[in-house]
Engineer: 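If you scroll down you'll find the structure; I have some questions about it.
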Amino acid sequence: MQGDLVLDCKGLSCPMPILKLAMAMKKLENGKVIEMYGTDPGSRDDVPAWCERTGHTLVEMLEVEDGFTFFIRCEK
Amino acid sequence: MGESSSKRKGILGELYDTFFSKSWPMWVGGILLGVGNIVLFIVLKPWGASGGVKNWGDNLFNLMGGDFANMGAVGQFPYSVLCIMLVLGALAGALFSKQFALRFPPLGELFKGLIGGLLMGLGAVVGVSCTIGGFFSGWPALSLGAVVFTAGLVVGTWLAVKYLLFEVQKFPKLSSGKTSSILDAGKGRGSWQPFAGAAVVLIGLIVAFRYTGTSSVLAWYASIGLYFGLVCQRSRFCVVRALREPFMSGSSKPAVAVMAGILVSMFGFVVIKFMGVRGDMIWVWPHFWVPAIVGGTIFGFGMTIAGGCTVGSLWRAGEGHIKLWASVFGMMVAMPFTAKYIKTPFFDALPASLKQQFFLPAKIGYGAAVGVFVLLILLWYVWVKWNERTGKFSAY
């Protein structure tokens with residue numbers, strides 16, 4: 001699948017990935033999907049937990065070559 | 001990273017997965033660290049983190065011809081040994097769970113790590129504490145100065161969260177750019193990591209064992225450091241998150257984890273002090289209240305910019321985050337210089353009433369003092385939970 005917006009958080013450590021995700025999500029239209037890349041092991045739990053708390057949908061989480069790719073759909 | 005669960009595991013494989021397949025809940029880490037802290041106090045004194053890193057800095061600059069404090073060689077000062085072993089333990093934890101990689105952040109992030117570390121070093125020396133000595137161990141030690149230091153931490157954290165929100169909106173380039181990671185366990189490439197983890201643990205145990213001939217204290221500090229690092233990495237235990245998340249995502253989990261650890265430690269510390277096994281005033285620092293509020297605020301700001309307090313920086317450094325290497329380096333630089341050039345004039349300028357060692361049971365007795373601390377933790381709990389539901393103080 002492919003996201004409407006790519007958010008590259010590779011190399012970043014806590015709290016930057018979630019901070020950037022939250023800020024990007026604020027500007028996104030309902031139903032659009034963010035494709036987020038990350039390498040911080042903490043993101044594996046943090047992204048799903050944040051989605052659950054905020055009501056956005058984690059469509060898919062892939063373990064890729066050097067980390068994770070998340071597809072998160074904006075729900076407003 | 002995670003193994004596919006469809007593959008049937010042997011009994012020992014299942015045991016291995018229990019510890020190294022997923023991160024542990026952070027409160028499990030809090031309790032395990034709280035227990036370890038009691039053990040550490042029985043061996044010698046409670047847990048502290050910044051003193052060890054300061055010793056690294058002192059030794060480094062003395063080696064370069066400087067004239068800084070001499071608390072002993074890196075391998076002979078208990079807290080320095082503890083910190084080194086904590087990094088090794090975290091490295092082992094990351095390797096066992098195939099989470100190790102050298103992660104090079106964008107240049108702006110590296111810079112933030114360094115600045116955060118420098119500020120933490122300044123705050124730790126001026127405030128005579130860090131998140132461990134002045135909070136995670138300071139509260140169980142029933143020191144009122146620790147409460148003031150923590151209030152400073154909260155103020156500094158809140159300010160730094162404001163800054164981070166501003167930075168991400170106005171200067172997004174600072175946290176983006178060229179990054180790389182090497183030695184990572186990408187698909188099929190990480191099978192060497194658990195073996196390396198075993199080697200690291202073996203080295204750690206040999207180091208601890210070698211101390212038994214000369215100093216059983218150092219042998220225990222080395223072993224407990226290894227354990228602390230492993231627990232921190234596996235549970236992603238983070239005091240910064242505990243204080244920061246109410247202002248960011250609103251999550252209460254990290255705060256509850258820290259509370260759990262403090263309560264467990266308090267149980268043991270109170271018994272140890274009450275029964276006279278160790279002195280009353282241990283871990284009651286002479287910082288009530290001006291040094292505590294000043295140092296706490298600076299430290300809180302620094303740790304939030306860096307993305308890890310002293311311990312958080314150490315275990316993430318072990319996991320391979322280069323940003324936190326910069327943070328540790330910043331602390332190593334700032335602490336010796338602050339101790340030599342800033343702390344003395346600052347403390348000399350303060351009247352004795354503003355730099356007290358305030359051991360609460362000395363004023364109101366043990367029962368009431370414990371009651372005050374438990375009540376403070378309960379209030380903190382109610383606030384983070386209420387805030388989690390209402391989002392009153394959260395940015396997103």
Side-chain angles (χ1 to χ4, degrees), chain A residues 3 5-30 32 34-58 60-76, chain B residues 1-2 22-23 25-26 94 97-101 103-106 109-110 112-113 161 164-165 167-169 172 174-182 184-187 189 233 236 238 240-241 244-245 248-251 253 304 306-308 312 316 319-324 388 391 394-396:
Chain A
L5 176 77
V6 168
L7 185 65
D8 185 358
C9 294
K10 283 182 188 173
L12 299 182
S13 53
C14 185
M16 300 313 286
I18 300 289
L19 178 57
K20 292 195 125 185
L21 173 61
M23 292 300 125
M25 206 53 113
K26 275 192 174 168
K27 292 183 194 148
L28 210 64
E29 286 169 45
N30 191 20
K32 298 268 187 196
I34 287 184
E35 184 174 344
M36 175 183 175
Y37 310 135
T39 53
D40 181 10
S43 296
R44 186 193 197 182
D45 294 332
D46 290 352
V47 172
W50 182 80
C51 289
E52 203 181 315
R53 214 168 25 249
T54 51
H56 300 296
T57 306
L58 178 59
E60 203 175 0
M61 174 171 109
L62 300 170
E63 294 196 4
V64 294
E65 195 63 6
D66 56 354
F68 309 95
T69 302
F70 303 94
F71 292 94
I72 306 142
R73 191 169 60 233
C74 179
E75 313 279 358
K76 281 186 177 155
Chain B
M1 287 163 213
K22 278 186 178 163
S23 291
M26 208 201 281
S97 40
K98 296 190 193 171
Q99 290 179 330
F100 178 78
R103 300 173 178 90
F104 294 87
E109 284 294 297
L110 206 58
K112 277 162 65 187
V161 167
L164 285 177
L165 289 165
E167 180 207 290
V168 168
Q169 278 159 334
L174 206 60
S175 53
S176 46
K178 202 175 154 3
T179 63
S180 60
S181 50
I182 52 176
D184 56 281
K187 287 206 168 125
R189 273 182 290 134
Q233 196 278 335
R236 309 199 76 74
C238 184
V240 181
R241 295 188 67 167
R244 182 192 69 207
E245 287 312 302
M248 289 184 115
S249 70
S251 171
K253 281 185 182 151
T304 309
R316 285 188 182 86
E319 194 179 75
H321 296 277
I322 306 296
K323 178 184 180 186
L324 283 310
E388 185 176 50
S394 314
Y396 46 80

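Side chains are part of it too, since the values below use all heavy atoms of this structure and drop only hydrogens, waters and symmetry mates. Small disclaimer: the values here were computed from a predicted structure and weren't measured.
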Engineer: Is it the side chain or the backbone of B/Ala395 that comes within 4.5 Å of chain A heavy atoms, both, or neither?
Structural biologist: backbone
Engineer: Does any non-hydrogen side-chain atom of B/Pro172 lie less than 4.5 Å from one of A/Met23?
Structural biologist: no
Engineer: Counting only heavy atoms from other residues, nucleotides and ligands, does the tally under 6.0 Å from NZ of A/Lys76 exceed 12?
Structural biologist: yes
Engineer: Where on B/Ser251 is there a heavy atom nearer than 4.5 Å to chain A: the side chain, the backbone, both, or neither?
Structural biologist: both
Engineer: Evaluate A/Cys14 against B/Arg244 for side-chain contact (heavy atoms from CB on, under 4.5 Å), listing each step before the verdict.
Structural biologist: CA-CA 11 Å; A/Cys14 185; B/Arg244 182 192 69 207; 3.2 Å; yes
Engineer: Does any donor atom in the side chain of B/Arg316 or A/Ser13 lie under 3.5 Å from an acceptor atom in the other side chain?
Structural biologist: no
Engineer: Does this structure show an ion pair linking B/Lys253 with A/Asp45, if we count only N-O contacts that are shorter than 4.0 Å?
Structural biologist: no
Engineer: Within the structure provided, determine whether A/Pro41 and B/His321 are in side-chain contact (heavy-atom separation under 4.5 Å).
Structural biologist: yes
Engineer: Report the option among A/Thr39, A/Leu12, A/Asp8, A/Leu19 that has the most heavy-atom pairs separated by less than 4.5 Å from atoms of chain B.
Structural biologist: A/Leu19
Engineer: Given the options B/Gly250, B/Ser181, B/Ser175, which has more heavy-atom pairs under 4.5 Å with chain A than any of the others?
Structural biologist: B/Ser175
Engineer: For a side-chain contact (heavy atoms from CB on, under 4.5 Å) check, start with the C-alpha distance between A/Glu65 and B/Asp184, then their side-chain angles and the critical distance, and finish with the verdict.
Structural biologist: CA-CA 9 Å; A/Glu65 195 63 6; B/Asp184 56 281; 5.8 Å; no
Engineer: So which residue, B/Gln169, B/Lys323, B/Glu319, ends up with the most heavy-atom pairs under 4.5 Å with chain A?
Structural biologist: B/Glu319
Engineer: Over all heavy atoms of both residues, which pair between A/Arg44 and B/Lys22 is shortest? Give the atoms and the distance, please.
Structural biologist: NH1-CA, 4.5 Å
Engineer: For the pair B/Arg236 and A/Asp40, find out whether any cationic side-chain nitrogen is under 4.0 Å from an anionic carboxylate oxygen.
Structural biologist: yes
Engineer: Highest number of heavy-atom pairs under 4.5 Å with chain A: which of B/Gly307, B/Ser249, B/Pro105?
Structural biologist: B/Ser249
Engineer: With A/Lys10, which residues qualify under side-chain hydrogen bond (donor to acceptor under 3.5 Å, both in side chains), at least two apart?
Structural biologist: none
Engineer: Less than 4.5 Å to any heavy atom of chain A: does that hold for the side chain of B/Ile322, its backbone, both, or neither?
Structural biologist: neither
